[in-house]
Amino acid sequence: MLSQTRPAGSDTLTFLGAIMRNPHQLGAIAPSSKAVARLVSSIVPTTPGAVVVELGAGGGVISDAIRDRLPPGGRQLAVEVNEGMVDHLRRSRPWLEVIPGDAGDLGKLLREAGLSHADAIVSSLPWTLFDDAQQKRVLEEIAASLTPGGAFSTITTLTVMPFRRFRHFRGLMNSTFTTVDTLGPIWRNVPPALVYTGVVASDRLAGETAGG
């Protein structure tokens with residue numbers, strides 16, 4: 001399914017305006033490039049009717065890449081905490097199911113949308129702006145919201161790698177997901193970016209049932 005064409009400048013101006021008004025809410029200095037958007041959305045499954053959730057949809061560049069890969073009958077949702085970006089996404093992408101809210105409440109937001117789990121979760125959240133407890137809470141919500149064998153992908157930039165909060169996040173990825181892979185880097189992004197992907201165990205629910 002190909003996304004509708006729209007002026008890219010509108011997305012960029014809206015994104016930059018949101019940064020100026022709320023610099024501590026958005027971690028990027030510019031929207032993700034199309035190359036990064038395609039890479040982070042590569043986990044979108046081909047199964048008809050798959051549910052894909054985007055966290056921190058921002059200006060919508062990644063939303064478009066997800067839509068291009070969404071299988072027939074699929075459902076695409078975007079969770080966004082910034083009110084200005086929510087309005088922009090609803091105005092520029094009427095086909096997108098936009099949910100105002102915090103990614104730390106993901107399970108609750110999905111239940112309110114009539115869903116128990118997602119097949120894939122794509123993120124551009126600013127992990128190094130989160131403290132240790134916030135990082136843990138959001139990653140736990142993501143893992144708990146994925147179907148067994150479901151996949152998660154997230155963007156990070158090379159510029160944050162020296163910081164302690166990045167190292168803490170990277171450690172949490174390893175302890176939260178069964179497998180973690182690194183894709184990239186994408187040098188033609190501002191700044192250059194990496195994508196991390198994580199998969200939850202396909203037998204997770206069976207193990208939880210046996211243990212409970």
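Just so it is clear, the model here is predicted, and its values are computed rather than measured. All values below come from the heavy atoms of this structure, side chains included, with hydrogens, waters and symmetry mates left out.
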Report yes if some heavy atom in the side chain of [X] is under 4.5 Å from a heavy atom in the side chain of [Y]; otherwise report no.
| X | Y | value |
| --- | --- | --- |
| I142 | T154 | no |
| V53 | L55 | yes |
| V36 | S124 | no |
| L172 | K136 | yes |
| V51 | L110 | no |
| T182 | R170 | yes |
| D64 | S41 | no |
| L139 | F177 | yes |

How long is the gap from [atom1] on [X] to [atom2] on [Y], to the nearest 0.5 Å?
| X | Y | atom1 | atom2 | value |
| --- | --- | --- | --- | --- |
| L146 | H117 | CG | NE2 | 8.0 Å |
| M173 | H168 | CE | NE2 | 13.5 Å |
| N174 | T179 | CG | OG1 | 10.0 Å |
| E80 | D87 | CD | CG | 10.5 Å |

Polar side-chain atom of [X] near backbone of [Y] as donor-acceptor pair, under 3.5 Å:
| X | Y | answer |
| --- | --- | --- |
| R167 | P162 | yes |
| Q76 | E97 | no |
| E141 | G107 | yes |

Can you name the closest pair of heavy atoms from [X] and [Y] and give their distance?
| X | Y | answer |
| --- | --- | --- |
| A78 | A57 | CB-CB, 3.8 Å |
| R69 | V44 | O-CG1, 3.8 Å |
| E54 | I62 | OE2-CB, 3.4 Å |
| P100 | L109 | O-CD2, 4.2 Å |
| S33 | N189 | N-OD1, 2.8 Å |
| L89 | S63 | CD2-OG, 4.5 Å |

Does any pair with a residue in residues 100-115 pass side-chain hydrogen bond (donor to acceptor under 3.5 Å, both in side chains), and if so which ones, sequence neighbours excluded?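 For residues 100-115, and leaving out neighbouring residues, the side-chain hydrogen bond (donor to acceptor under 3.5 Å, both in side chains) pairs sorted by first residue read D105-R137, K108-E112.
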Go through it in stages, so that I can follow the logic: the residues are R164 and T128, the test is side chain to side chain contact (heavy atoms under 4.5 Å, CB included), and I'd like the CA-CA distance, side-chain angles, deciding distance and then a yes or no. CA-CA 9 Å; R164 188 202 65 81; T128 54; over 6 Å; no
Ion pair R38/D68, N-O distance below 4.0 Å: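 Salt bridge flag = no for D68 with R38.
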W127: which of V138, V160, I155, T156 passes side chain to side chain contact (heavy atoms under 4.5 Å, CB included):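 So, applying the side chain to side chain contact (heavy atoms under 4.5 Å, CB included) to W127 and each of V138, V160, I155, T156, only V138 qualifies.
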Working note: S32 + V40, criterion side chain to side chain contact (heavy atoms under 4.5 Å, CB included); need CA distance, chi angles, decisive distance, verdict. CA-CA 10 Å; S32 298; V40 76; over 6 Å; no
State yes or no: do I43 and V199 share one hydrophobic cluster built from I, L, V, M, F, W and Y residues joined by side-chain heavy-atom distances below 4.5 Å, directly or via other members?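 No; tracing contacts between hydrophobic side chains, which count when under 4.5 Å, never links both residues.
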As a quick check of understanding, evaluate side chain to side chain contact (heavy atoms under 4.5 Å, CB included) for W187 and L158, giving each step before the final call. CA-CA 9 Å; W187 297 107; L158 299 187; 3.4 Å; yes
How are the rings of F166 and Y196 set to each other: parallel, tilted or perpendicular (split at 30° and 60°)?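 The rings of F166 and Y196 sit tilted, inter-plane angle from 30° to 60°.
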